[in-house]
Amino acid sequence: MQKAYDHNDFEDDIYAQWEASGAMRADNSSKKDPFTIVMPPPNVTGQLHLGHAAMLAIEDILIRYKKMKGHESLWIPGTDHAAIATENVVIKHLGLNKREEMSREDFLEEAKKFATEKHDTIIGQTKKMGTWLDWSREAYTLDETRNHAVTTMFKMLYEDGLIERGYRMINWSVGAQSVLADDELEWEDKGEPFYYIRCGEFIIATVRSETKCADSPLILHPEGQYARVKYIPNEGTPETMIFAKVLFDDKERLTKLFNLLEGRFELIETLKGSELAGQEFESETFAGKRKFYVLTDELIDMEKGTGAMTISVNHATDDYELAQKHDLKDYYIEKIDFEGNMTAIAGPCAGMPVAKARKEAGKLMKSQGLLVGQDNTYKHRVPKCYRSNCVVEPMISPQWFIMVEKEFTDRFSGEPTTLKKQMQEAVRGGHVKIIPEQYEKVYFHWIDNLRDWCISRQIWWGHRIPVWYDEQGEIHLPKKQKLIFVRHGESEAARDNIFAGTIDSPLTEKGISQARATAQNLKGRNITKIITSDLSRAADTAKIIKEELGLTSEIEIWPEITEYNWGEFEGTVFEDNAALRHAAATNTGESNTDLLQRAERVWNKLKEIETEGEILIAGHSTFTAALYACKEGRKSEDFPGYREAWHVEPAEALETIVHQKPEGQNLRQDEDTLDTWFSSALWPYSTLGWTGPGSEESADFQKFYPNDVLETGWDILFFWVARMIMFGKYATGKYPFHTVYLHGLVCDEKGKKMSKSKGNGIDPLEVIEEVGADAVRLSLVIGTSPGNPIPLGKNKIKGYRNFVNKLWNAGRFIQMQLEDKSIPNPSFNKEERSKSPLIKGDLEGLSLADKWILSRLSTVTAQVAENLEKYEISSAGDAIYHFVWDEFCDWYIEASKVELNPEILKYVYGEILKLTHPLCPFITETIWQQLFDPNGSIMDLEYPNPQFGSPEAEATFTTVQNLVTEIRKIRAEKKLNPKEKISVKIKSDNTEIKSAGDLLKVLANLSEIEIEANVAKPEHAAVSVVDGYDLYVEIPFDPEAEKNRLTKEIEQLQKKISGLEGRLSNPSYTEKAPPALVQQTQDELTQAKDGLMKMESELSNL
RNA sequence: GGGCGAUUAGCUCAGUUGGCUAGAGCAUCUGGUUUACACCCAGGAGGUCGCGGGUUCGAAUCCCUCAUCGCCCACCA
């Protein structure tokens, strides 16, 4: 082993080993308890940042720990197509101003290319972290399987009446000509004039003067107090006005707000809002006479403005909701168009952009005498488009919504409920636990205020809404279609294994019987269409099945299904078959990629078929596999679906369900795509092959659903976690996971957010390069707590790099100790271990240090397991860190230099490696292979669970440690030359302590030591009492220094004694506190007093 | 505006049903390199637990007031 650990020499190789071993793949037929995590899929927009690194570290620790604990651990990797984010990045990447500069198809093609590239980067980075992920199950939110799940879900919700299409308020960016999601808005403070306007008798207020041009309801608070006043101007005729009483009572504010009026007000009467409701009147606006209608709503805040407002139903969220609530059909008036210009209703301002109209309307109203006041100091926040920097207008537009408060019948329980109720019940009912707990409150707060979820987006990149409209505008949904893939029976060529030059040959007798057997398996199915290729054995198979089943429909021949060229599969599938290799070599030369593209064409053609019933495809194994690969969205170099298809016996059939375009003439699919969170919300089971409720459950789904933990950043609790809970319960009848673990944002050492501009950002790959993945993992996990920021800086990372190196060097020490000795590996096998004296807990004959370290190992192991079970990863890491460094290295290894017990040394170190493995997978595996088993993997071993508890040994060794520390302290205080050995006497009859004499001698650097029940006090000695034992350290005589030392010690003891006495003299303490505690206090006091006495007598003897 | 949370050593933070002398890492001070490790070892110093009240035998921990800071959600009357 080299002197310092260099991660670069090992990490990539170790990861390659793990991948090659196939051990990362989870087995859905395993009898072990499952433990499932689906990885939150990173966006395919860029690179991994430290937040991802933290996520990967935490999840990997849990996965490895659970696997070593005997679970069937499954951790599914994946990526997210991140609809809006990706689309924007791609637009920028392509140098477009807007996407319409390209055709939809071309744009999607480019986006796909871009996403693939980013995907590859992200996967590479993910592996660098040392992640134990099941790559054979990798998923992508936009692949075929996930699309199928999305469509299934959409249909379920639609059929339950929970998805509706309706006109809703959206954020419209005039500049970008696009809808923006709420979280895409940027807010800016803006100063604009605030107007107080006459509206009949009422005074209303607004900053949006341009919208006060149409008929409107006028809203008051039903319980609000309104003043009807007589305004007597200094010049001119009096008039009546109505506005909030609170405003009238505050004369100073009134004068300030109604600054265009000069005169006085007289109160006529005070009215409640409800008394004014119902009246209709006409009033002048800047665009002419308009009708108004008074109604009331609690939404009104009497303190704001005048306590009265008119509304713009089409152009403000609150207003729109009011209109819905009060069913204000007549007031859906479009005042602004999608170009951001005023419509005809605005009269003199028609055609003007909003900003210009706003000023113009103010001027007009002023000149018409409609204003009573204008506040030029008013400031408000306006939403802006982050892309075009224009002001975002709330507009009404047709959108798809998920109705969270609409009642439906739960298909699993049969009970009526709502999506919102189910989300509340998840956490309230304890089905889903959120860590840290405080986020449960945040969750409830959000759910309680939850509104219908707008799921449609006016972008191209994403799952297109699976809805078609016919010419009458009627809605059609896709149909579920079952595809059955049948592999052809055995042919003569296959039988003889010699078909070089041709891949076509008729079925053998066996092949014919295989085809019949396949047909038997398909009896009773509703097959309405049979498709096959133009090669004989496939066509024969199809013919036999058709005859056996008595089907009437014609067999369709699709030449493109014909299979050729297997060249690129060589080595993966045809490992052992020389004849097949030869066949491949002489084939047509179609590349693997070509094959897949051909399969994709067939795949798309299959989806276009309009038929009731099931479709049977009798093909060739390679091509069937390629079709499967399309379904899984695989690329040419990697499609595990291939193996599945290949291994299907001819008598079996592979089935898959797809969605097909609905039947009908001139159907037009909805142009919009789904919110990216729609597909993400299905992630816990769409990754497990879910295709709908009931009988269609996949083996993965049955074994691994529900998931166990959902680990992610707290910032997507609402966007993602809550929606997974909602969809999961609705679609599967089960909450998708039982625990939500939220990690915080990674920030710098000072707790500041990392950002490029501040220059405090850290690139995970760079640090991994520098210090290794293990150290990075530790830094991201230790010293953190769920939901709180994860502080990270160079110092911290360096600290954990040092730890990794420490672990390495402990290994080197052990290697050197064991070099000439043949110490067999301690048995890590359960059965063998039970025969070992160690496992029986028989510590007889071992040294104090051995007993101590075994006991400590047991204690720490139990603690680590307990911490990890509770997801307290930081505590677990901390416990390991201190055990390894402060106990194993600083004391046990030092003790080994005095009295070596190679067997125990090796055993404890082995256990430490396993204990540490989930946190530091690379270095532990590396050392494991160098020291213990060059051909094994530490991941195949059981997580440690030793039980050698010996509280006595721990206590006694602690005393030894205290003695050593005390001697070292005295030595340091006396400024003795470190090389100078000194002599020490200890008054003790404890045989264990006596037996540790040699150890004490070395650790404290002593020339001589005497431990006896009665030791004579040396003439010149520093005196101390450690855990009740008198300690004499022989030192050169220096009464002054000794006096000082004793005085200091005595002071401390006195302080302690007076504290303890104070407590004990309080009768209510002795009466009410637990007796054990009182006893403990008593004992301490006795020992402290004893020590004090001795020290005092020493002092007086000086 | 509504909500959530924080305030403990110079810095970043632990402190799980209230109970030993309130802990860790980094920084700092003192002393130490012939063989596991200077990416190291040994020892030390450093805290009125934000302020003020209350409950209790006992409060960093529970309750109230205030102060300061952070975050989330709302936003155009």
Side-chain angles (χ1 to χ4, degrees), chain A residues 1 3-5 182 185 187 190 192 194 204-208 211 219 299-301 304-312 315-319 358 378 380-383 391 393-394 438-439 441-442 445-446 449 714-715 717-718 745 747-751 771 775 782-785 787-789 791-793 795-796 798-817 870 872 874-875 878 881-882 889-890 893-894 897 964-965 968-973 975-979 1003 1005 1052 1055-1056 1059-1060 1063 1066-1074 1077 1080-1081 1084:
Chain A
M1 288 168 82
K3 186 163 178 177
Y5 174 65
D182 287 348
L185 302 178
W187 294 86
K190 199 173 175 185
E192 280 188 296
F194 192 72
I204 59 151
T206 190
V207 69
R208 304 199 58 179
T211 64
I219 326 272
L299 184 81
I300 295 294
D301 181 347
K304 273 190 189 168
T306 60
M309 68 175 185
T310 59
I311 62 176
S312 294
H315 303 288
T317 318
D318 279 350
D319 297 2
R358 189 166 296 177
Y378 185 77
H380 64 155
R381 294 181 65 205
V382 293
V391 174
E393 293 293 340
Q438 76 225 35
Y439 277 93
K441 279 186 202 162
V442 182
H445 186 246
W446 187 75
N449 295 308
W714 57 263
D715 48 324
L717 177 61
F718 307 133
L745 220 66
C747 59
D748 74 7
E749 280 168 309
K750 303 277 176 212
V771 302
I782 302 182
T784 68
S785 57
N788 287 322
L792 190 73
N795 277 331
K796 192 176 176 189
K798 220 161 88 184
Y800 291 110
R801 187 226 21 206
N802 294 353
F803 172 75
V804 170
N805 188 54
K806 188 81 182 172
L807 198 60
W808 175 260
N809 271 295
R812 280 184 68 214
F813 174 78
I814 287 151
Q815 192 186 39
M816 289 168 76
Q817 299 310 309
K870 289 198 283 190
E872 291 167 359
S874 178
S875 306
D878 210 50
Y881 179 95
H882 287 288
C889 290
D890 285 352
I893 285 189
E894 290 310 311
K897 292 174 183 172
V964 170
T965 305
R968 284 170 176 169
K969 190 172 149 189
I970 290 171
R971 185 196 273 282
E973 269 169 3
K975 301 215 188 304
L976 295 183
N977 184 337
K979 282 181 185 156
L1003 294 179
N1005 194 19
Q1052 271 179 11
K1055 214 166 129 194
K1056 184 175 174 182
L1060 292 171
R1063 236 196 285 172
N1066 184 344
S1068 30
Y1069 174 69
T1070 45
E1071 279 162 31
K1072 291 184 190 171
L1077 187 69
Q1080 197 187 331
T1081 316
E1084 258 170 59

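Being a predicted model, the structure only gives us computed values, none of them experimental. Proteins get letters first, then strands, A, B, ... in listed order; numbering begins at 1 in each.
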key: Aromatic stack Trp808(A)/C37(B): centroid gap under 5.5 Å, interplanar angle under 30°   = no
key: Rounded distance in Å between the P positions of G50(B) and G15(B)   = 15 Å
ask   = Of Gly799(A) and Phe813(A), whose nearest nucleotide on RNA chain B comes first from the 5' end?
value = Gly799(A)
Proximal nucleotide (of A36(B), A77(B), C72(B)) relative to the Arg812(A) side chain = A36(B)
query = Taking only side-chain nitrogens and oxygens of Lys806(A), does any of them come within less than 4.0 Å of OP1 or OP2 of C41(B)?
reply = yes
query = Which distance, rounded to the nearest 0.5 Å, do you find between the CD1 of Ile893(A) and the CD of Gln817(A)?
reply = 8.5 Å
query = What are the two closest heavy atoms between Val804(A) and Ala775(A), and how far apart are they?
reply = CG2-N, 4.1 Å
request  = Could you please spell out the steps behind the side-chain contact (heavy atoms from CB on, under 4.5 Å) verdict for Leu1077(A) and Tyr1069(A)?
outcome  = CA-CA 10 Å; Leu1077(A) 187 69; Tyr1069(A) 174 69; 3.6 Å; yes
message = Tell me the interatomic distance from His445(A), atom NE2, to C73(B), atom P, rounded to whole angstroms.
response = 11 Å
message = To check you understand the geometry: which heavy-atom pair defines the closest contact between Ile311(A) and Met309(A), and what is its length?
response = CG2-CE, 4.0 Å
inquiry  = Quick check on U35(B): is either OP1 or OP2 less than 4.0 Å from any side-chain nitrogen or oxygen of Lys897(A)?
reply    = no
key: Rounded distance (nearest 0.5 Å) linking atom CG of Asn1005(A) with atom CZ of Arg968(A)   = 9.5 Å
ask   = Among the nucleotides A36(B), C20(B), A42(B), which one has an atom lying closest to any side-chain atom of Asp890(A)?
value = A42(B)
task = Would you confirm whether Asn809(A), through its side chain, and Asn805(A), through its main-chain N or O, come within 3.5 Å as a donor-acceptor pair?
result = yes
query = For G1(B), what is the paired nucleotide under Watson-Crick or G-U wobble rules, both distances under 3.5 Å?
reply = C73(B)
query = How far, in whole Å, is U8(B) from U61(B) if one measures between their P atoms?
reply = 13 Å
task = Measure the distance from NE2 on His380(A) to C1' on A77(B) and round it to the nearest whole Å.
result = 12 Å
query = What's the OH-P distance between Tyr439(A) and C4(B), to the nearest Å?
reply = 13 Å
ask   = Would you say a side-chain N or O of Thr965(A) is under 4.0 Å from OP1 or OP2 of G43(B)?
value = yes
message = Between U55(B) and G3(B), how far apart are the two C1' atoms, rounded to whole Å?
response = 28 Å
message = Can you check the distance between G18(B) and U56(B), where both ends of the measurement are the P atom (answer in whole Å)?
response = 16 Å
Nearest to side-chain heavy atoms of Phe718(A), which nucleotide of C72(B), G43(B), A77(B) = C72(B)
Nucleotide N/O to protein N/O under 3.5 Å, stretch nucleotides 9-16 of chain B:
{"from": "C11(B)", "atom 1": "O2'", "to": "Lys750(A)", "atom 2": "NZ", "distance (Å)": "3.2"}
{"from": "U12(B)", "atom 1": "O4'", "to": "Glu749(A)", "atom 2": "O", "distance (Å)": "3.3"}
{"from": "A14(B)", "atom 1": "OP1", "to": "Ser785(A)", "atom 2": "OG", "distance (Å)": "3.3"}

request  = Can you label the angle between the Tyr5(A) ring and the Trp808(A) ring as parallel, tilted or perpendicular, going by 30° and 60°?
outcome  = tilted
task = Give one of base, sugar-phosphate or nothing for Phe194(A), where a contact means two heavy atoms less than 4.0 Å apart.
result = sugar-phosphate
message = Taking the P atom in each of G31(B) and C69(B), what is the distance between them to the nearest angstrom?
response = 44 Å
request  = With a 3.5 angstrom cut-off on both distances, give the Watson-Crick or G-U wobble partner of G19(B), or none if there isn't one.
outcome  = C57(B)
key: Nucleotide C41(B), atom P - distance to CZ of Arg971(A) in whole Å   = 18 Å
Atom pairs under 3.5 Å, N or O on each side, protein against nucleotides 21-23 of chain B: can you list them with distances?
{"from": "U21(B)", "atom 1": "OP2", "to": "Arg1063(A)", "atom 2": "NH2", "distance (Å)": "3.2"}

ask   = Under 3.5 Å, is there a donor-acceptor pair between the side chain of Lys1056(A) and the main chain of Glu1084(A)?
value = no
ask   = In terms of side-chain heavy atoms of Ala972(A), which of G43(B), G19(B), C76(B) is nearest?
value = G43(B)
request  = May I ask you to evaluate whether Asn802(A) reaches the phosphate of C40(B), defined as a side-chain N or O under 4.0 Å from OP1 or OP2?
outcome  = yes
inquiry  = At 4.0 Å (heavy atoms only), tell me whether Glu894(A) reaches a base, stays on the sugar-phosphate, or touches nothing.
reply    = base
request  = Look at the side chain of Asn805(A) and decide which nucleotide, out of G25(B), U35(B), C39(B), has an atom nearest to it.
outcome  = C39(B)
request  = Report which part of the nucleic acid Ile300(A) touches: base, sugar-phosphate, or nothing (heavy-atom distance under 4.0 Å, all strands).
outcome  = base
note = Assert: residue with more 5' nearest nucleotide on RNA chain B, out of Gln438(A) and Ser1068(A), is Gln438(A)
request  = Mind calculating the distance between CG (Asp318(A)) and P (G2(B)) to the nearest angstrom?
outcome  = 16 Å
task = Would you name the heavy atoms of Gly307(A) and Ile300(A) that are closest together and state the gap between them?
result = O-CG2, 3.4 Å
ask   = Does the C75(B) base have a donor-acceptor partner in the side chain of Arg381(A) within less than 3.5 Å?
value = yes
request  = Take the protein atom CZ of Arg358(A) and the nucleotide atom C1' of C76(B), then report the distance between them rounded to whole Å.
outcome  = 7 Å
query = Closest heavy-atom contact between Cys889(A) and Lys806(A)?
reply = CB-CE, 3.6 Å
inquiry  = Can you check the distance between A60(B) and A6(B), where both ends of the measurement are the C1' atom (answer in whole Å)?
reply    = 14 Å
request  = Respond yes when some side-chain nitrogen or oxygen of Arg801(A) is under 4.0 Å from OP1 or OP2 of C39(B), and no when none is.
outcome  = no
remark   = Among C76(B), C20(B), G25(B), the one nearest any side-chain atom of His882(A) is G25(B)
ask   = Say you pick atom P in G19(B) and the same atom in U28(B); how far apart are they, in whole Å?
value = 35 Å
request  = Report the nucleotide, chosen from C37(B), C4(B), C40(B), that has the shortest atom-to-atom distance to any side-chain atom of Lys441(A).
outcome  = C4(B)
remark   = Rounded to whole Å, CG of Leu299(A) lies from C1' of G1(B) at a distance of 13 Å
inquiry  = For C40(B), give the paired nucleotide (Watson-Crick: N1-N3 plus N6-O4 or O6-N4; G-U: N1-O2 and O6-N3; both under 3.5 Å), or none.
reply    = G32(B)
note = Of the listed G19(B), A36(B), C4(B), the closest approach to the Met816(A) side chain comes from A36(B)
request  = Write down the distance separating the C1' atoms in U35(B) and C40(B), rounded off to the nearest Å.
outcome  = 14 Å
message = Is there a side-chain contact between Lys3(A) and the phosphate of A38(B), meaning an N or O under 4.0 Å from OP1 or OP2?
response = yes
inquiry  = Counting only side-chain nitrogens and oxygens, does Tyr378(A) get under 4.0 Å of the OP1 or OP2 atom of A77(B)?
reply    = yes
task = Counting Watson-Crick and G-U wobble pairs only, both distances under 3.5 Å, name the nucleotide matched with G10(B), or none.
result = C26(B)
message = Classify Ile893(A) by what it touches in the nucleic acid, base, sugar-phosphate, or nothing, heavy-atom distance under 4.0 Å.
response = base
inquiry  = When you measure only distances, ignoring hydrogens and angles, does the side chain of Lys796(A) come within 3.5 Å of the base of C26(B) through a donor and an acceptor?
reply    = no
inquiry  = Taking any heavy-atom pair under 4.0 Å as a contact, classify Ile204(A): base, sugar-phosphate, or nothing.
reply    = nothing
task = With a 3.5 angstrom cut-off on both distances, give the Watson-Crick or G-U wobble partner of C66(B), or none if there isn't one.
result = G50(B)
request  = Could you check how far CH2 of Trp187(A) sits from C1' of C72(B), rounded to whole Å?
outcome  = 15 Å
